[in-house]
Amino acid sequence: HTEPTTQAIQPPVVQQGLLSPAIRPGGGRLVNAVVSRGSVWAIAATEVNNRTGSFWVEIDLKTLKLVQRGTVGDPNADVVFASLNVNKDGALGIAMNRISATEYPSVYVTGRLASDPPNTLRPLVRAVEGRHVFVPYGWDLSQRGIGTGYMDYSTVVVDPAHTRLFWTYQEVATNDC
């Protein structure tokens with residue numbers, strides 16, 4: 001069990017593979033926050049086990065005390081641009097991209113039920129496999145060592161008709177066009 005850092009940090013540039021453009025993982029900032037069931041839930045980028053990851057918190061709005069916290073990380077990959085939401089039952093949904101030297105940027109999800117032990121998450125599950133390196137349109141492939149911008153979109157929402165269902169919007173390269 002790794003304790004999260006006490007502050008968001010500027011994560012290092014993440015490599016997509018040996019010959020691919022690196023990805024700037026968005027900086028050490030609050031990625032998003034939601035208010036649900038009397039608490040504010042937030043997630044921010046940080047370092048977890050010497051890799052890029054995130055930490056999440058639940059803070060009680062009446063007392064302003066920390067209810068629970070945890071990290072999202074993987075010892076074999078970087079986990080970037082995590083976002084979260086909480087449904088009316090108190091279930092937490094988190095989505096992010098996982099990037100390593102052996103896996104293209106892919107969408108992963110995790111979460112917890114309100115009945116799960118505090119400070120815990122379920123294992124990461126790949127939702128969408130990345131099939132190509134992410135290279136934005138117009139990027140100059142002759143310039144090495146420059147991190148490419150990535151993840152203009154990362155959010156988790158609760159389905160209004162089926163409130164136990166989460167939807168996520170993430171960037172992923174699934175074809176070569």
Side-chain angles (χ1 to χ4, degrees), residues 1-5 7-32 42-57 69-85 91-113 116 119-157 165-177:
H1 173 63
T2 302
E3 288 296 316
T5 61
Q7 63 184 1
I9 64 162
Q10 175 70 36
V13 171
V14 175
Q15 198 63 39
Q16 296 185 70
L18 296 177
L19 301 175
S20 307
I23 291 176
R24 290 185 307 273
R29 62 182 166 84
L30 180 70
V31 177
N32 82 304
I43 195 161
T46 193
E47 185 177 307
V48 178
N49 297 323
N50 299 315
R51 301 298 298 243
T52 301
S54 296
F55 72 91
W56 59 273
V57 295
R69 66 182 180 176
T71 58
V72 180
D74 186 321
N76 301 310
D78 294 290
V79 176
V80 297
F81 304 107
S83 54
L84 60 74
N85 212 323
L92 170 66
I94 300 176
M96 77 277 325
N97 278 97
R98 180 183 182 276
I99 303 167
S100 74
T102 60
E103 180 180 26
Y104 295 119
S106 299
V107 177
Y108 277 72
V109 296
T110 186
R112 57 174 280 105
L113 298 175
D116 288 347
N119 307 311
T120 62
L121 291 174
R122 304 280 175 103
L124 291 177
V125 175
R126 185 169 57 196
V128 179
E129 179 182 10
R131 297 180 188 264
H132 297 279
V133 171
F134 178 82
V135 179
Y137 177 77
W139 191 76
D140 184 353
L141 294 174
S142 68
Q143 295 187 16
R144 294 288 178 214
I146 298 174
T148 180
Y150 184 66
M151 290 313 288
D152 292 329
Y153 308 100
S154 177
T155 192
V156 176
V157 297
L165 180 63
F166 292 98
W167 291 92
T168 186
Y169 303 93
Q170 306 289 328
E171 285 184 271
V172 65
T174 58
N175 62 36
D176 59 1
C177 45

Chemist: What residues, two or more places apart in sequence or in another chain, satisfy side-chain hydrogen bond (donor to acceptor under 3.5 Å, both in side chains) together with R131?
Modeler: none

Chemist: Please list, chain by chain and in numerical order, all residues satisfying side-chain hydrogen bond (donor to acceptor under 3.5 Å, both in side chains) with T168, sequence neighbours excluded.
Modeler: Q170

Chemist: So, using side-chain hydrogen bond (donor to acceptor under 3.5 Å, both in side chains) as the criterion, who are the partners of N85 when residues are at least two apart?
Modeler: none

Chemist: Quick one: are L84 and W56 in side-chain contact, heavy atoms under 4.5 Å?
Modeler: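 They are in contact (side-chain heavy atoms under 4.5 Å apart), so the answer is yes.
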
Chemist: Any side-chain heavy atom of R51 sitting closer than 4.5 Å to one from V79?
Modeler: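 No, every pair of side-chain atoms sits at 4.5 Å or beyond.
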
Chemist: Would the distance check show the side chain of S106 and the main-chain N or O of E129 forming a donor-acceptor pair, the cut-off being under 3.5 Å?
Modeler: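 No, the answer is negative, given that no donor and acceptor are paired below the 3.5 Å cut-off.
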
Chemist: Are the side chain of N32 and the backbone of S83 linked by a donor-acceptor contact shorter than 3.5 Å?
Modeler: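 Checking the backbone N and O of S83 against the side chain of N32, no donor-acceptor pair under 3.5 Å is found.
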
Chemist: With sequence neighbours left out, write down each residue that passes salt bridge (charged side-chain N to carboxylate O under 4.0 Å, His left out) with R98, or none if nothing qualifies.
Modeler: D74, E103

Chemist: Between L92 and L121, is there a side-chain heavy-atom distance shorter than 4.5 Å?
Modeler: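 The answer is yes; the side chains approach within 4.5 Å.
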
Chemist: Quick one: closest heavy-atom pair of A95 and V109, and the distance?
Modeler: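 That would be CB-CG1, 4.0 Å.
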
Chemist: Quick one: does S100's side chain have a donor or acceptor within less than 3.5 Å of a partner on A77's backbone?
Modeler: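 No; judged by distance alone, with no hydrogens or angles, the pair does not exist.
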
Chemist: Could you pull out all residues at least two apart from L165 that satisfy side-chain contact (heavy atoms from CB on, under 4.5 Å)?
Modeler: D159, H162, W167

Chemist: D116: what forms a side-chain hydrogen bond (donor to acceptor under 3.5 Å, both in side chains) with it, not counting sequence neighbours?
Modeler: R122

Chemist: Side chains of M96 and F81, heavy atoms from C-beta outward: is any pair under 4.5 Å?
Modeler: no

